[in-house]
Novice: 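Quick one: the structure is below, questions incoming.
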Amino acid sequence: MTRSSDLPPDALHPDTLAVSHGYDPHRHHGAAKPPIYPSTTYMYRSASHAKDVHRAYFDGVPLPGGEEPGHIYSRLGHPNLDMVERRLAALDRAEDAAAFNSGMAAISAVMLSALRPGDAVVHGRPIYGGTDGLLTGLLAGFGVKSFGFGDGLDRDAVLSAARDAAAAGPLALIHLETPANPTGAVADIAMVASVAAEMGDRQGRRPLLVVDNTFLGPFLQCPLEHGADLTVTSLTKYAGGHSDLLAGGVSGARALVDPLKKLRTFLGTSLDPHVSATLLRSFETMGLRTARACANARAVADFLAAHPKVRSTSFLGHVDPESRAGAMLARQCAGTGSTFSFRLRGGEAEAFRMLDRLRVIRMAVSLGGTETLICHSATTTHYAVPRERREAGGVDDGTLRLSVGIEHPDDLVADLRQALEAA
Ligand SMILES: *Cc1c(COP(=O)(O)O)cnc(C)c1O
């Protein structure tokens with residue numbers, strides 16, 4: 001009998017993979033749903049079995065008789081982690097994936113693995129605050145230099161930053177976040193991959209191209225299919241989807257992902273069995289949640305864009321399809337997402353008056369949950385960013401970020417309508 005877990009992932013749609021891929025009930029007493037394995041340690045059948053298991057883990061030597069390697073200690077790996085990683089790899093159309101206990105743990109592992117003192121990094125602007133802090137804090141202290149570019153659709157701008165970086169040290173890594181937070185700035189992954197290839201020819205070493213796919217997630221964008229080497233995702237957001245777990249993932253070729261799994265054992269940032277099980281369940285509804293949140297976001301964004309007190313929105317669904325960004329989005333993305341920002345006419349006072357009147361939409365940072373969340377960027381997510389840099393990045397005192405959830409869209413629009421009366 002052929003079971004879905006035996007079918008090659010390429011043969012199935014993401015919605016199908018998200019429900020059952022990576023879990024085979026027949027290996028778990030027929031349990032229809034995955035059991036949770038809280039055990040921290042795994043027993044050997046004999047002393048020689050112990051040696052075989054360790055040889056398999058450290059040297060990749062297959063176990064006698066084609067037996068599966070099994071587990072040693074849960075920081076190194078456990079059955080629930082395997083299930084999450086197989087499912088994430090299938091969704092990201094990757095050979096392998098590694099799961100971590102937060103998105104930042106995933107990003108840190110990639111950077112600590114790929115970078116050495118003297119190396120240079122190129123990144124799009126703006127980038128996530130945690131990634132920015134890692135580059136300008138810890139890694140700068142280790143002698144890693146970073147260079148930003150503003151327009152991820154402009155090949156000359158990306159190439160010029162890459163050349164500056166390569167002049168300062170070998171360019172080891174290019175980090176993209178597309179779309180970016182909270183401006184919705186987009187980058188052309190295939191174009192940046194061509195810059196990575198060109199830099200590889202020039203310096204004899206191709207920089208690693210890493211894409212942070214948190215804002216769209218695997219249902220709407222597969223960076224690996226456009227030339228990225230690794231996709232990193234904060235699974236805390238749309239994959240977890242209920243604002244009740246922290247997790248991160250990295251997907252790509254096995255040769256790139258395997259060293260990250262080894263590094264994870266030293267950093268101690270593996271995902272624990274209970275959170276793995278919750279995340280695996282959350283994957284099952286990710287397609288439904290993504291579709292509903294995207295439809296809701298369009299309704300909310302259409303309402304906001306037409307409102308006289310709203311200056312502009314960054315909703316990707318409103319990008320002119322004839323523009324460079326619009327043409328690129330049509331090639332690269334299967335949807336326009338559900339987190340975007342909008343700017344009120346006026347500043348902090350107007351924004352605060354409106355926020356304090358909301359009754360359905362809740363005020364908090366983070367995104368990708370079932371509930372709609374809103375925050376005033378300048379005084380929350382971008383609190384520590386100096387005004388000049390913040391405004392250059394498109395965040396002014398009237399900017400509000402909205403992560404649209406799966407509630408009824410009419411209730412969200414009505415809540416915004418009544419709150420905007422106060423703005
Ligand atoms: C939230 C976020 C992260 C960090 O993820 P955590 O799970 O909070 O560590 C990284 N990148 C982006 C774009 C994010 O939104």
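As the structure lists them, so they are numbered: ligands from 1, and atoms in each ligand from 1. Predicted model only: the values in this text are computed from it and were never measured. For the numbers below, each heavy atom of this structure counts, side chains included, while hydrogens, waters and symmetry mates do not.
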Novice: Any Lys/Arg nitrogen of Arg87 or Asp92 sitting under 4.0 Å from an Asp/Glu carboxylate oxygen of the other?
Specialist: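 So Arg87 does not pair with Asp92 through a salt bridge.
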Novice: Is it true that Tyr238 and Thr339 share a donor-acceptor pair across their side chains at a distance under 3.5 Å?
Specialist: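 Side-chain D/A pair, Thr339 to Tyr238: present.
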Novice: Taking the six-membered ring of Tyr23, is the NZ or CZ of Lys33 close enough (under 6.0 Å from the centre) and on axis enough (within 45°)?
Specialist: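 Verdict for Tyr23: no cation-pi partner in Lys33.
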Novice: Answer with yes or no whether the side chains of Glu348 and Thr379 bring together a donor and an acceptor at under 3.5 Å.
Specialist: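 Side-chain D/A pair, Thr379 to Glu348: absent.
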Novice: Can you produce the list of protein nitrogen or oxygen atoms under 3.5 Å from a nitrogen or oxygen of ligand 1, alongside each distance?
Specialist:
unit_1   : atom_1 : unit_2 : atom_2 : d
ligand 1 : 5 (O)  : Ser234 : OG     : 3.0
ligand 1 : 7 (O)  : Gly103 : N      : 2.8
ligand 1 : 7 (O)  : Ser234 : OG     : 2.8
ligand 1 : 7 (O)  : Thr236 : OG1    : 2.6
ligand 1 : 9 (O)  : Gly103 : N      : 3.0
ligand 1 : 9 (O)  : Met104 : N      : 2.8
ligand 1 : 11 (N) : Asp212 : OD2    : 2.7
ligand 1 : 15 (O) : Lys237 : NZ     : 2.8

Novice: So that I can tick it off, tell me whether Glu198 and Arg155 are bridged by a salt bridge, with the cut-off set at under 4.0 angstrom between side-chain N and carboxylate O.
Specialist: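 Yes, charged N to carboxylate O under 4.0 Å.
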Novice: Are Glu391 and Arg387 ion-paired here, with the side-chain N under 4.0 Å from a carboxylate O?
Specialist: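 Salt bridge flag = yes for Arg387 with Glu391.
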